[in-house]
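Just so it is clear, the model here is predicted, and its values are computed rather than measured. Throughout, a chain's letter reflects where its sequence line sits, starting with A, and its residues are numbered from 1.
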Amino acid sequence: MPYEMTDLERLRHSSAHVLATAILRIWPEAQFAAGPPVEGGFYYDVELEHRITPEDFPRIEKEMLAIVAANQPFEREEISRENALKLGQSGRLAALSNRTMPSKFKMDILREIPEGEVITLYRNGEFVDLCAGPHVVSTASIGAFKLTHLASAFYRGDERNPQLQRIYGTSFSTPEEMDAHFAILEEAKKRDHRKLGKDLRLFHIDDSVGQGLILWCPAGAIIRQELQNFLSTELRLQGYQQVFTPHIARLNLFRTSGHFPYYAESQFPPIIERETLLSLASENCSCAELANHVQEGEIDGFLLKPMNCPMHIKIFTSQPRSYRHLPLRLAEFGTVYRWEQSGELSGMTRVRGFTQDDAHLFCTKEQIDTEIQNCLGLVNKVLKAFRMENYRVRVGLRDPASCKYVGSPENWNHAEDACHKAVTQLGVLYSEEEGEAAFYGPKIDFVIKDILGREWQLGTVQVDFNLPIRFGLSYTGPDGKPHVPVMIHRAPLGSLERFVGLLIEHFAGDFPLWLAPEQTRILPVSEKFADFAQSIVNLFVQSGIRASADLSSEKIGAKIRLAQVEKVPYMLIVGGREQASGQVSVRSRKNGEEGTLPIDDFQRRIQFEIESREL
RNA sequence: GCCGGCAUAGCACAGUGGUAGUGCAGCUGAUUUGUAAUCAGCAGGUCGUCGGUUCGAAUCCGACUGCCGGCUCCA
């Protein structure tokens with residue numbers, strides 16, 4: 001598929017060629033694979049005996065600078081497949097001259113190019129590369145560049161292939177743009193939720209508890225609780241009912257749902273009952289045999305739930321249902337556990353135990369369209385409440401070539417149609433992507449972009465024609481006959497862990513008042529006014545405002561500084577004048593001094609700000 | 001999981017084979033303060049864990065654990 005490169009991508013792609021040229025000047029034997037532009041820069045994958053380290057960067061950058069200064073034009077040349085292969089055989093592709101070793105990766109890539117497609121070379125100076133282009137006019141167009149970091153990557157991302165050294169860099173047409181880029185990176189580093197989470201004591205991950213398992217500290221717990229309260233209110237308004245279900249369930253439940261065999265690789269291993277284990281041990285059962293028994297369903301056990309749906313289904317089936325009960329909307333802040341690969345874990349955004357703001361809607365086929373629309377409306381409303389508006393909507397459809405999907409084609413068509421209609425009605429930008437559906441049904445994902453341009457999947461709405469069949473769900477219709485309901489899974493925030501992680505970065509730790517763990521701090525100018533300060537705290541706490549007093553013997557400047565650093569939204573400075581008049585001197589974190597107000601007035605003001613969830 | 005880098009006090013860091021340090025935070029005392037850091041003292045460490053080399057290891061070697069960056073973007 002032809003893809004239009006942006007000007008910046010073209011510049012960075014050309015920068016990758018300059019990087020390769022520079023590396024070849026130092027190590028002529030280097031073998032290159034792919035060198036594309038990426039978000040924030042470019043890279044080139046190289047196979048080289050010498051292990052490149054950051055200490056090599058100045059040397060490579062010096063050569064790159066010389067190549068840029070030499071103003072080498074990029075020349076495009078069409079070539080026949082035979083001649084390209086000949087060049088590759090003599091090591092001339094991605095090289096400065098002929099070499100003893102053939103350009104193996106380039107020849108491999110060459111063989112992948114479909115018959116009939118135009119094959120092109122790009123040259124700058126002595127460097128020749130097999131490349132579809134396009135490129136900038138000349139190396140001098142690269143106004144600023146810098147090598148940034150190293151990584152390793154398997155050729156074509158397949159771990160059976162050779163391991164290559166990946167050298168990352170970035171480039172821009174002017175030094176000013178590059179400075180701005182690094183300034184943004186610096187800012188992003190300050191906003192990193194892993195750093196802020198530690199500084200502001202929001203959460204903690206402890207090795208002795210386990211990788212990817214979040215401990216919510218008191219301050220973080222307040223934020224989570226506020227989010228849950230906010231959502232719970234919305235759920236009540238939209239006719240949901242909240243439920244609670246356990247963290248584990250019998251393995252057979254997940255065999256029925258299909259999660260166990262299908263997601264086995266991404267689940268914590270099953271828990272086998274002690275008696276079962278002892279009896280198997282007495283038969284000298286090996287681990288392999290045990291695993292086989294579990295796999296084949298010959299013994300039961302328990303599983304940490306990877307999904308909440310089967311439990312909600314069991315609440316659905318706990319009593320006879322009729323069409324009058326539908327739609328039945330069961331919601332739960334349900335914690336699920338998934339076995340993410342250790343290298344994939346990161347802070348709160350990629351974890352092994354997380355809490356979904358989950359719900360399952362049981363409805364009739366006729367109700368699907370309305371329910372999906374309402375779900376999308378809810379997600380939209382929630383994201384707007386945080387002014388997280390930099391997102392796109394992705395509709396995941398079947399991959400027509402794959403047979404991994406469960407459910408009849410008719411049902412899939414119906415579901416995909418309903419998603420399409422709902423997204424269209426929502427009136428937001430969306431893309432429909434084949435192969436992105438879940439195995440049980442099509443889905444609509446909300447993908448949000450963070451400050452670094454990384455995309456995170458948050459909210460999701462998924463239609464499921466499959467589970468109702470697997471669990472034999474039915475309701476009595478107006479005709480008095482049983483009918484199969486349709487299920488919709490949906491989570492507006494996705495997971496509270498990931499959402500809070502992104503929220504920390506979104507607000508850079510400066511939470512709006514309604515989310516702030518400590519909303520206001522009373523700062524007496526001296527210990528003489530400690531009692532007055534404490535009385536204000538008591539008053540506020542009784543009214544549900546999160547307040548505390550700094551009764552240390554520090555000077556007022558130090559108290560203010562500490563409150564600023566700890567990102568407390570409001571500071572109330574109190575001394576003799578305030579005590580005499582029953583007032584407080586208000587200082588806001590954002591705007592500094594805001595003048596003196598009667599205590600009641602200030603209290604009303606922030607209560608309004610809290611209740612309206614002002615940003 | 002794989003590759004690379006990293007691991008020293010609660011946090012940020014110094015210390016490259018010879019008695020483990022600095023700043024902030026903490027505790028104690030003094031100070032009683034008016035809008036972003038008052039002063040002094042004290043305490044805090046099996047230098048991630050285990051093993052090896054050495055007269056001697058935070059430092060050199062190995063394994064493990066954890067963290068960070070990558071591992072999709074293809075000529």
For [X], which contact category applies under a 4.0 Å heavy-atom criterion: base, sugar-phosphate, or nothing?
X	answer
E578(A)	base
S346(A)	nothing
G592(A)	nothing
G557(A)	sugar-phosphate
Y168(A)	sugar-phosphate
A558(A)	sugar-phosphate
R194(A)	sugar-phosphate
K555(A)	base

Could you tell me the separation between the [atom1] atom of [X] and the [atom2] atom of [N], rounded to a whole number of Å?
X	N	atom1	atom2	value
L150(A)	G70(B)	CG	C1'	10 Å
L562(A)	A37(B)	CG	P	12 Å
E554(A)	A25(B)	CD	C1'	11 Å
N591(A)	U35(B)	CG	P	18 Å
R166(A)	C71(B)	CZ	P	6 Å
K198(A)	C67(B)	NZ	P	11 Å
E527(A)	G34(B)	CD	P	14 Å
E593(A)	G34(B)	CD	P	13 Å

Residue [X], side-chain heavy atoms: nucleotide from [options] that is nearest:
X	options	result
V565(A)	G70(B), A36(B), U33(B)	A36(B)
S342(A)	G1(B), C74(B), U35(B)	G1(B)
I573(A)	U33(B), A36(B), G34(B)	G34(B)
I556(A)	U35(B), U38(B), C73(B)	U35(B)
I560(A)	U33(B), U35(B), G70(B)	U35(B)

Could you check whether the rings of [X] and [Y] sit parallel, tilted or perpendicular, using 30° and 60° as the cut-offs?
X	Y	value
H17(A)	F74(A)	perpendicular
Y391(A)	F446(A)	tilted
F105(A)	Y155(A)	tilted

Is R12(A) positioned over the aromatic face of F172(A), cation under 6.0 angstrom from the ring centre and no more than 45 degrees off axis?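 Checked: cation-pi criterion met.
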Checking base pairs now: Watson-Crick or wobble, both atom distances under 3.5 Å. What partners [N]?
N	result
A57(B)	none
C39(B)	G29(B)
U65(B)	A7(B)
C2(B)	G70(B)
A14(B)	none

Is a side-chain donor or acceptor of [X] paired with a backbone partner of [Y] at a separation under 3.5 angstrom?
X	Y	value
S103(A)	K106(A)	no
R338(A)	P306(A)	yes
K559(A)	S552(A)	yes
E126(A)	A95(A)	no

What interatomic distance, in whole Å, is found between [atom1] of [M] and the corresponding atom of [N]?
N	M	atom1	result
U32(B)	A7(B)	P	47 Å
C68(B)	C73(B)	P	23 Å
A12(B)	G34(B)	P	34 Å
A20(B)	A9(B)	P	15 Å
A63(B)	G44(B)	C1'	31 Å
G62(B)	U19(B)	C1'	28 Å
A30(B)	U35(B)	C1'	24 Å
G17(B)	A25(B)	P	34 Å

Rounded to the nearest 0.5 Å, what separates atom CD in Q89(A) from atom NZ in K104(A)?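 It comes to 13.0 Å.
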Name of the residue among V18(A), I167(A), L19(A) meeting side-chain contact (heavy atoms from CB on, under 4.5 Å) with Y44(A):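 The single option meeting the side-chain contact (heavy atoms from CB on, under 4.5 Å) with Y44(A) is L19(A).
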Which heavy atom of A22(A) sits nearest a heavy atom of I60(A), and at what distance?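 Between these two residues, the closest heavy atoms are CB-O, 3.7 Å.
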Mapping G347(A) and V38(A) onto RNA chain B by nearest heavy atom, which one lands closer to the 5' end?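 Per heavy-atom nearest nucleotide, the more 5' residue is G347(A).
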Mapping V586(A) and G343(A) onto RNA chain B by nearest heavy atom, which one lands closer to the 5' end?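 Residue closer to the 5' terminus by nearest nucleotide: G343(A).
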Does the distance from a Lys or Arg side-chain N to an Asp or Glu carboxylate O, for R589(A) and E566(A), drop under 4.0 Å?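 So R589(A) does not pair with E566(A) through a salt bridge.
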Compute whether any side-chain donor of one residue and acceptor of the other, for T596(A) and Q583(A), lie under 3.5 angstrom apart.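 Absent: no donor and acceptor within the cut-off.
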Looking at residues 20-30 of chain A, who's got a heavy atom less than 4.0 Å off RNA chain B?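 Of all residues in residues 20-30 of chain A, none places a heavy atom under 4.0 Å from RNA chain B.
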Could you check which residues of residues 199-213 of chain A get a heavy atom under 4.0 Å from RNA chain B? Sort them by number, please.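 Output list: D207(A), Q211(A).
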